[in-house]
Participant: 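First, the structure itself, so that you have it in front of you.
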Number of protein chains: 2
Amino acid sequence: MIPENELKELFPSFEPALLHEMAQHCSVRSFQDGDMLMKTGSYIRSSMVILSGLVKVLRADEEGSEYFMYYIEPGQACALSMTCANKQNISELSAKAVGDVELITVPLDKMDQWMMQYKSWYQFVLGTYRKRFEEMLTTLDHVAFRNMDERLVFYLKQHSQKLKTNIIPYTHAEIAGELNSSREVISRLMKKLADRGMIKMNRNEIEIINLDSVL
Amino acid sequence: MIPENELKELFPSFEPALLHEMAQHCSVRSFQDGDMLMKTGSYIRSSMVILSGLVKVLRADEEGSEYFMYYIEPGQACALSMTCANKQNISELSAKAVGDVELITVPLDKMDQWMMQYKSWYQFVLGTYRKRFEEMLTTLDHVAFRNMDERLVFYLKQHSQKLKTNIIPYTHAEIAGELNSSREVISRLMKKLADRGMIKMNRNEIEIINLDSVL
DNA sequence: AATGGTTTGTGATAATTGTCACATAGTTAT
DNA sequence: ATAACTATGTGACAATTATCACAAACCATT
């Protein structure tokens, strides 16, 4: 049972009746850093809304290549779980906990019911879609139109912003994986950024100095 | 005023009351082949649902490069116009009529109202999101994971299927534009496909013979 | 301090794609 | 029929990215 006042803080726009129903019908699940919340190909049985922590969403193809798509933050939901859930569907994305994550699962029937009953829920769901859609467009833009150097800078910016730190605790190999590139390419591009004073490289982490430099 | 029985055919799942409201509150707009229904950067004032014809949706960046995203068919809606419309928003995509197109525009307030009032409308909107989301994922997959030869084959397949013909009436330069590649690259790849007997090339068109060959 | 594992650096080379220059072949209008 | 235009073919070359091989640096454990 979820404390209603906690929900109220995270979702100030929700009607009291909706918050009450959420507390009653949703259950909380906890994940640890690195846990997979969802794997490509697994069934989706409920919608998920993040309470705390960060969730990283990746597209993964059959052969194991993956591509970073976007982060889901507290107070946001997984768009895929919301639509897919409708028709007992298979996930096309994988989601990974970054740090410890708490989330609530919303049963499918409640999902539908609230949609027609509570305007704030409907707006929440639609807003979620819009946000994800826009993020996917940005991702597509970068893959379609930009070279790896720009994509790397964007990747670093994004992560610095979402992780709320200028230290990105990833290895070159990990970053290469999420950009569907190879470790050597990323290492070389990193070196260029470091030479221009935009980052500092340490083992297992990248320190961001200034990525907006127009030198 | 739209004839209700025409709507009923296209949307068999909609409640009679909803069909009646649609006929009353929506207006029909017609476009000719090549017309832009929506341009990147323009405001969205209403949601659009296609009655007849095909609509091609492209992502275009600031410098004029573009990338083909998906087709919208009769009985389907533009997901972007549905969410963006909510908050007087700017389109991130451009949409072009392929052949003559008839569509209905749904006022924003009705959009919201029906969402909570008619279950069939809610399911329609959610289905639209899901479909577009999946199509965008497929597009992203190809750009991120596939080489140009595979992307070209997929492009040809997709268009053949949606245009319901095995003659694709595009020039190499047009196809190159929609795949954000260059004319020469597409010409050379086309030649390879032709050499393998998968297509036949004529001026201004590509005839598809068999794109599934695993020779 | 020595060992083994992981991370990063780097040169050589290949594969893919983009770009330029120009040739050739159809099409259209005069 | 000729000129002008558009579409396509092609060689040469550049840029970007991928791949391989191996070296060097760093870390943890014993």
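Owing to the predicted nature of the structure, the values given are computational and were not obtained by experimental measurement. Within every chain, numbering begins at 1; the chains are lettered A, B, ... in the order of the sequence lines, protein sequences first and strands thereafter. Any value given below was found using the heavy atoms of this structure, including those in side chains, with hydrogens, waters and symmetry copies removed.
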Participant: How close or far is atom C1' of dT8(C) from atom CG of Asn204(A), stated in whole angstroms?
Facilitator: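 Nearest whole value for this atom pair: 10 Å.
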
Participant: Counting side-chain heavy atoms from CB outward, which of dT19(D), dG9(D), dG9(C) is closest to Ser187(B)?
Facilitator: dG9(D)

Participant: In whole angstrom, what separates Leu189(B)'s CG from dT17(C)'s P?
Facilitator: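 To the nearest whole Å, that distance equals 7 Å.
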
Participant: Indicate yes or no for a side-chain donor-acceptor contact from Ser181(A) to the backbone of Gly177(A) under 3.5 Å, with no hydrogens or angles considered.
Facilitator: no

Participant: Ignoring the backbone of Val185(B), work out which of dT8(D), dT17(C), dA18(D) is nearest its side chain.
Facilitator: dT17(C)

Participant: Any base atoms under 4.0 Å from Thr171(B), or only sugar-phosphate, or nothing? Heavy atoms, all strands.
Facilitator: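 Here Thr171(B) touches the backbone only, sparing every base.
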
Participant: Report the distance from atom NE2 of His172(B) to atom P of dG18(C), rounded to the nearest whole Å.
Facilitator: 16 Å

Participant: Could you please name the option among dT6(D), dT10(C), dT10(D) that lies closest to any side-chain atom of Glu184(B)?
Facilitator: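 Side chain of Glu184(B) sits closest to dT10(D).
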
Participant: State plainly whether the residues Arg188(A) and Glu184(A) are in salt-bridge range, i.e. N to O under 4.0 Å.
Facilitator: no

Participant: When the aromatic ring centroids of Tyr155(A) and His142(A) are compared, is their separation below 6.0 Å?
Facilitator: no

Participant: Do the side chain of Arg203(B) and the base of dT27(C) come within less than 3.5 angstrom through a donor-acceptor pair of N or O atoms?
Facilitator: no

Participant: Minimum heavy-atom separation for Phe11(B) to Gly75(B), with atom names?
Facilitator: CE2-O, 3.6 Å

Participant: Measuring from the side chain of Lys191(A) (C-beta onward, heavy atoms only), which nucleotide among dT10(C), dT17(D), dT7(C) has the closest atom?
Facilitator: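 Selected nucleotide (nearest to the side chain): dT10(C).
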
Participant: Distance check needed: dT6(D) P versus Ile175(B) CD1, whole Å only.
Facilitator: 19 Å

Participant: Whole angstroms only, please: what is the CZ-P distance between Phe145(B) and dA18(D)?
Facilitator: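 My rounded result for the distance is 12 Å.
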
Participant: Cation-pi between Arg132(B) and Phe133(A): NZ/CZ under 6.0 Å from ring centre and within 45° of the ring axis?
Facilitator: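 No - Arg132(B) does not lie over the ring of Phe133(A) by the 6.0 Å and 45° rule.
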
Participant: Would you kindly give the CZ-to-P distance between Arg151(B) and dT17(C), to the nearest whole Å?
Facilitator: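 Computing the Arg151(B):CZ to dT17(C):P distance gives 8 Å.
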
Participant: Report the distance from atom CD1 of Ile186(A) to atom C1' of dT10(C), rounded to the nearest whole Å.
Facilitator: 16 Å

Participant: Can you find an N or O donor on one side and an acceptor on the other, under 3.5 Å apart, linking the side chain of Arg183(B) with the base of dG18(C)?
Facilitator: no

Participant: Taking only the side-chain heavy atoms of Met201(A) (C-beta and beyond), determine which of dT7(C), dG9(C), dT17(C) contains the nearest atom.
Facilitator: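 Closest of the options to the side chain of Met201(A): dG9(C).
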
Participant: If only side-chain N and O atoms of Asn147(B) are considered, is one of them under 4.0 Å from the OP1 or OP2 phosphate oxygen of dT17(C)?
Facilitator: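 Yes, because at least one side-chain N or O of Asn147(B) sits under 4.0 Å from OP1 or OP2 of dT17(C).
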
Participant: dT19(D) base to Arg188(A) side chain: any donor-acceptor pair below 3.5 Å?
Facilitator: yes

Participant: Nearest whole Å is fine: how far is dT8(C) P from Glu174(A) CD?
Facilitator: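 Interatomic distance, CD of Glu174(A) to P of dT8(C): 9 Å.
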
